[in-house]
Amino acid sequence: MLDDRRFPKMHLDLQRLLLVISYGEQVYPRVKEKCSSKEWFSGEDIVSLEELIGRLRRLKENVGFIANRVTAVQAGLDSWQSEQINRKLYYLSFLSIVFLPLSVITGVFGMNVGGVPWTNQREEELKDGFRNVMLLCVAMLVFVLLCFLFPTLYSQLMAWRRRRAMRRSWSINCRSFVKRGTGGVDRNGRGGAGYLRLY
């Protein structure tokens, strides 16, 4: 039923049926009101119309009740499906926790730098590469942890970057130029064509 999406289709069909019934419920009282004033319309026909109107109202209530039940069943199935997905994600996260140390170890010892321990690298100029990369990784880890532990530090860093970008765009926009007229004279007494800088 979840794969076929049967309940949403059923709910859509019920909503369409409710729309048709509500139209009929609005139309037939007007028909009864218009026809009751006519002489050729008999009393039995008015009674039949009243029965039809009552039947339409009961049908509307029943269809509304069924639509609500279908909605409740669909909500229950959706919650059950999300619970199954959450359980599978829990197992997947547990497996990733198990394999995380292994991936870290293989990443550290698989680096293409000099000075990796237990590899018998004896070259003097390459022996500090592993240590430098590890120090850089530790510094980045500390910075990321600080950003997560102290959100104000992250917000101040982002505000500083925005201010810097604004200052940079302002300094670029400040260097605007306007074309001088052919016969004009600038403030230094020079004439001719060219550009004036606006400050």
Side-chain angles (χ1 to χ4, degrees), residues 1-38 41-111 134 136-163 165-166:
M1 284 183 168
L2 282 173
D3 293 337
D4 295 340
R5 305 292 295 168
R6 194 174 297 177
F7 282 105
K9 293 174 187 173
M10 193 184 303
H11 188 265
L12 188 61
D13 292 339
L14 286 171
Q15 291 299 324
R16 288 174 181 162
L17 185 60
L18 269 175
L19 191 62
V20 171
I21 292 171
S22 63
Y23 282 154
E25 191 184 12
Q26 291 173 4
V27 166
Y28 282 112
R30 292 180 187 170
V31 170
K32 186 189 97 170
E33 188 179 314
K34 294 289 184 182
C35 291
S36 61
S37 60
K38 305 297 181 186
F41 207 74
S42 64
E44 295 175 1
D45 296 331
I46 293 176
V47 171
S48 300
L49 277 176
E50 287 176 355
E51 288 178 3
L52 179 62
I53 292 167
R55 196 177 302 165
L56 281 175
R57 285 177 183 159
R58 288 191 299 273
L59 186 61
K60 183 181 177 183
E61 290 174 2
N62 291 335
V63 172
F65 176 72
I66 294 170
N68 291 336
R69 290 292 299 271
V70 167
T71 305
V73 170
Q74 179 64 38
L77 286 174
D78 288 341
S79 65
W80 176 80
Q81 190 175 22
S82 64
E83 185 180 344
Q84 296 297 321
I85 291 171
N86 288 336
R87 186 175 297 167
K88 290 175 184 175
L89 286 176
Y90 172 74
Y91 293 147
L92 186 64
S93 62
F94 184 73
L95 281 175
S96 65
I97 287 171
V98 168
F99 288 107
L100 182 64
L102 297 175
S103 63
V104 169
I105 290 170
T106 55
V108 166
F109 288 104
M111 286 190 294
M134 291 307 294
L136 181 64
C137 289
V138 168
M140 289 175 63
L141 178 65
V142 168
F143 178 71
V144 169
L145 286 176
L146 283 175
C147 286
F148 278 111
L149 292 176
F150 303 105
T152 54
L153 178 69
Y154 179 75
S155 63
Q156 287 177 357
L157 181 68
M158 289 297 111
W160 175 76
R161 284 189 65 196
R162 279 195 297 270
R163 282 195 303 269
M166 288 287 286

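The residues of the chain are indexed from 1 along the displayed sequence.
Under the salt bridge (Lys or Arg N to Asp or Glu O under 4.0 Å) criterion, the residue pairs touching residues 19-30 are Glu25-Arg57, Glu25-Lys60, with sequence neighbours excluded. Within the structure, every pair that satisfies the salt bridge (Lys or Arg N to Asp or Glu O under 4.0 Å) test and touches residues 10-22, not counting sequence neighbours, is listed here: Asp13-Arg16.
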Without placing hydrogens or testing angles, list every side-chain donor-acceptor pair under 3.5 Å for residues 83-94, not counting sequence neighbours.
residue	atom	partner	partner atom	Å
Asn86	ND2	Ser82	O	3.2
Ser93	OG	Leu89	O	3.2
Ser93	OG	Tyr90	O	2.7

Below 3.5 Å, can you tabulate the donor-acceptor pairs from side chains in residues 61-68 to any protein atom, sequence neighbours excluded?
residue	atom	partner	partner atom	Å
Asn62	ND2	Arg58	O	3.3
Asn68	ND2	Gly64	O	3.3

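Checked against side-chain contact (heavy atoms from CB on, under 4.5 Å), Val144 has the following partners two or more places apart in sequence or in another chain: Phe148. Listed by chain and number, the residues in a side-chain hydrogen bond (donor to acceptor under 3.5 Å, both in side chains) with Gln156 amount to none (sequence neighbours excluded). With sequence neighbours excluded, the residues satisfying side-chain contact (heavy atoms from CB on, under 4.5 Å) with Val142 are Val138, Leu146. The side-chain hydrogen bond (donor to acceptor under 3.5 Å, both in side chains) search around Thr71 returns His11, not counting sequence neighbours. Checked against salt bridge (Lys or Arg N to Asp or Glu O under 4.0 Å), Arg163 has no partners two or more places apart in sequence or in another chain. Remark: Arg69 pairs with no residue by the salt bridge (Lys or Arg N to Asp or Glu O under 4.0 Å) rule, at least two apart or across chains. With sequence neighbours left out, Phe99 forms a side-chain contact (heavy atoms from CB on, under 4.5 Å) with Leu95, Leu102. With sequence neighbours excluded, the residues forming a side-chain contact (heavy atoms from CB on, under 4.5 Å) with Leu136 are Met140, listed by chain and number.
Summarising the geometry, atom CD belonging to Gln26 is positioned 11.5 Å from atom CG belonging to Leu56; distances are rounded to the nearest 0.5 Å. Taking OG of Ser22 as the reference point, atom CG of Leu59 lies at 11.0 Å (rounded to 0.5 Å).
Scanning both residues, Gly24 and Pro29, for their nearest heavy atoms gives O-CD, 4.2 Å.
Tested against Lys32, the residues Val47, Leu52, Ile46 include a single side-chain contact (heavy atoms from CB on, under 4.5 Å) partner, Ile46.
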